[in-house]
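Some notes on the structure that comes next.
Letters A, B, ... are given to chains in the order of the sequence lines, protein chains preceding strands, and every chain is numbered from 1. Because the structure is predicted, anything quoted here is derived from the model rather than measured.
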Amino acid sequence: MSVSGNVLAVETLAKAFGGVQAVGGVSFHVDSGERVALIGPNGAGKTTLFNCVNGQLRPDAGTVRIGGHNVTGHPPHRIWRHGVGRTFQITATFTSMTVLENVQLALASADGAATGLGRRLGKRYLEQAGELVELVGLTARGDDATVELPYGDLKRLELAVAMTNQPSLLLMDEPTAGMAADARGSMMDLVDLMVAERGVAVLFTEHDMDVVFGHADRVIVLDRGMVIAEGTPDEIRADENVQAVYLGSFDGDEAAV
Amino acid sequence: MSFIVVQAITGLASAASLFLIAVGLSIVFGVTRVVNFAHGSLYMLGAYLAFSFVAAFGDSFFGYLAAMLLAAIVVGGVGAVMETSLLRRIYRAPELFQLLATFGVVLVIQDLTRLIWGADDRFAPRMPGLDGSINILGHAVPQYDLFLISVAFVVLGGLWLLFRHTRFGVLVRAATEDREMVAALGVDQRWLFTGAFILGATLAGLGGALQIPRQAVGLSMDLNIIVDAFVVVVVGGMGSIIGAFVAAVLISELLAFGVVIFPQITLVLIFLVMAVTLVLKPSGLFGRPEFTTAEDRRNPDPPLRAGQGLSRIFWWSLLVIGLAAPLAVGDFAVIVLTEIAILALFAASLHFLLWGGGLITFGHAAYFGLGAYGSGLAVFHLSMGMAPALLMAPLAGAAGALLFGWFCVRLSGIYMAMLTLAFAQIAWSATFQWVNFTGGDNGILGIWPSAWASDPVVFYYLAFGVCAAVIWGLRHAIFSPFGYTLRATRDSSLRSAAIGVDVTRHRWLAFTLAGAAAGVAGGFFAFAKGSVFPDVLFVSTSVDGLVMVLLGGMQSLAGPILGAIVFTEIETELTRLTDLWQLFLGLLIIGLVVVLPHGLAGLSALIRRRSS
């Protein structure tokens, strides 16, 4: 595999809380334009791993490289400067601003102008913001207050905001969590569109297996802080370890009932 | 060696009363999550009551003891009234409102105490039986100091027993750890909250009563002790009993030895202890980090729409009135107008932080005051003229905000409010103590405008012009990327960081900017008054600013201006009519918080809702 193709390279990453080893020496990589799903049962260490990559947690050991730069332990705002867009499991948007303003501000930040005292933000980056808002299908709601949006639209807004720094990598924590089943498909289609049109790579965690198997090029399975399987969706479906972790315990529960 | 032991005992005696205050504050906070500003007032009340009871029946050891205990019990009763009548209504209010409402109680108790006991200091007799001293290693140590230390240990032991072995104590501890859980278990929270508050109030009353053989009973006891208590609970960790104990001992010993070794910089020592603790362990020595679910979505502000309709009319008519008014009114009114222009800028700079950044500051007077002293000292020590001296004001305000802000923006919510207050009070004490440089209590006199601006009308136009320009600048900043980024850090720090915003740094910049703007106001204030006194930095100045912002309405950019106008008018009229201004202001604050949390600007919405 070519090193230059790695958008994200994680090596022997470890993080413990108190005595609990949440992530125990995990290595993986994401190539440019690739969609990688990170799955695993509850408590497998997905969120911890994710937060170590995006800078919210500082790993105990191991390295995180983005585009070849070592960003281990960097805070989130610096990770973003390396071309990483982020969406959250529970959407995080600026609730006192309109849809367009959310995107305009992110564009200002990408432009290095977020601390500027000059011209009003409302009159800047309008064209670019309009394009991004259109891309996620929110044009009609551009001037609406963010709080008025339904949850699915908030997820779309987050995606538009995450695209403002022309990222090479999107980190999406449960991109379809909290959405109705039919909305999930269209949300992931939108993500696929970003990959196709803008060449961005995506690393996402997800509970919905339809989403995972339908929209990931590669799947990484975590259990108890370790990678237990990695491969294409078909390979993962056929993997006995994965079945033991997921289906085995599931069958066991069913048998007990 | 013997000297060290004796000095340590003196320190412990001071720690004893500080512990009684701080632990009550901490227990109340742990259970109700309200920082009770009036806790110091309960302490003061305890002292005054004990003074009167001692005068009535305190001529023997046991009479004196009974007087002190009775005072504590009565204060506990006052606490019960306060909890059931006021605090219950504000448990769900934002922290700023809780602090303000309890500060309203401070003002009310101040004026009532003055009405009952008068303004002069009162001196209680020494406690019979404990009025001598004991020889320890060749030094005379007051018997009463040792008694005080034993009381502190008795209380600590008693609290330990209470919290380990009674149902009430276990519930208090459980509520401190996890409030929702206790509620879910079906515990009657109202009873628990009232109980905890009575306990805290009684301890405060006891702390005050125990002080009367050692110090004069006076009206400044409340705010002096509450700031020390804030420092203790911030250092020790909110909600922690042992933390309050350790921090009280630490700070009292530091002061006891600091006075001997570096008498000039005891304040700096406290500053350093607090700063180092908060940098290393933001939740205090024994505190647990507050897991705030960061973003508050209950009342998101509507998006800003610049310069439309009513708002445009308001700003233009304000400008026209401001320019035309001096032509139509008399000299006294021009002076009041000048003050309004200055205070409007002060309130606007505070609003910039409170509303724009969601940064709860309770010590904004520090930067106003530093601006005033910056100008005043430039005139006094450097013989500067008015114009260059006025330029020093924003520099001084910004420098102070840069230093204090670095620490403050690292905290949030109630911790931030307490730290900003503590810094402001330290700055206030510094101007008080550093007599050679600042003139201390006597202030700096003779700061008059240059000859060309000595006419009140000319000076008014100067002040109005500059203040209006800076207010316009702050307003513009709100609409600029800087202001949007600031609101972004308030709306969601998580999302802000995820779009590359260094949240801490941006808050720090905003804090400094607001400090500079407040400094400008302070500079003009010095020249308007012709003098500077430590009062400009005092907590009451900060609270005046907060009241203006709340009065005008927090969610409107015009709010602070409107608030400054109304507040200054009310104050000017009322102080002419009555000397119970504080009582009125206290009730006004409580009323604002409980009845009209959206200020005058929210009044119309309230009326609409009521009538529909």
Report the distance from atom CE of Met188(A) to atom CE of Met172(A), rounding to the nearest 0.5 Å.
6.5 Å

Rounded to the nearest 0.5 Å, what separates atom CD in Glu206(A) from atom CZ in Arg184(A)?
6.5 Å

With a 4.5 Å limit on heavy-atom distance, are the side chains of Thr87(A) and Leu170(A) in contact?
no

In terms of heavy-atom proximity below 4.5 Å to chain B, should [X] be classed as side chain, backbone, both, or neither?
| X | answer |
| --- | --- |
| Arg119(A) | backbone |
| Glu101(A) | side chain |
| Gln56(A) | side chain |
| Ala113(A) | backbone |

Should the pair Arg410(B) and Trp406(B) be classed as cation-pi, given the thresholds of under 6.0 Å to the six-membered ring centre and 45° from the axis?
yes

Can the ring centres of Phe479(B) and Tyr484(B) be said to be less than 6.0 Å apart?
no

Is the His215(A)-Phe204(A) ring centre distance short of 6.0 angstrom?
no

Please rank [options] by heavy-atom pairs under 4.5 Å with chain B and give me the top one.
| options | result |
| --- | --- |
| Gly118(A), Ala162(A), Gly122(A) | Gly118(A) |
| Arg124(A), Arg78(A), Glu158(A), Gln104(A) | Glu158(A) |
| Thr164(A), Asp144(A), Leu105(A) | Leu105(A) |

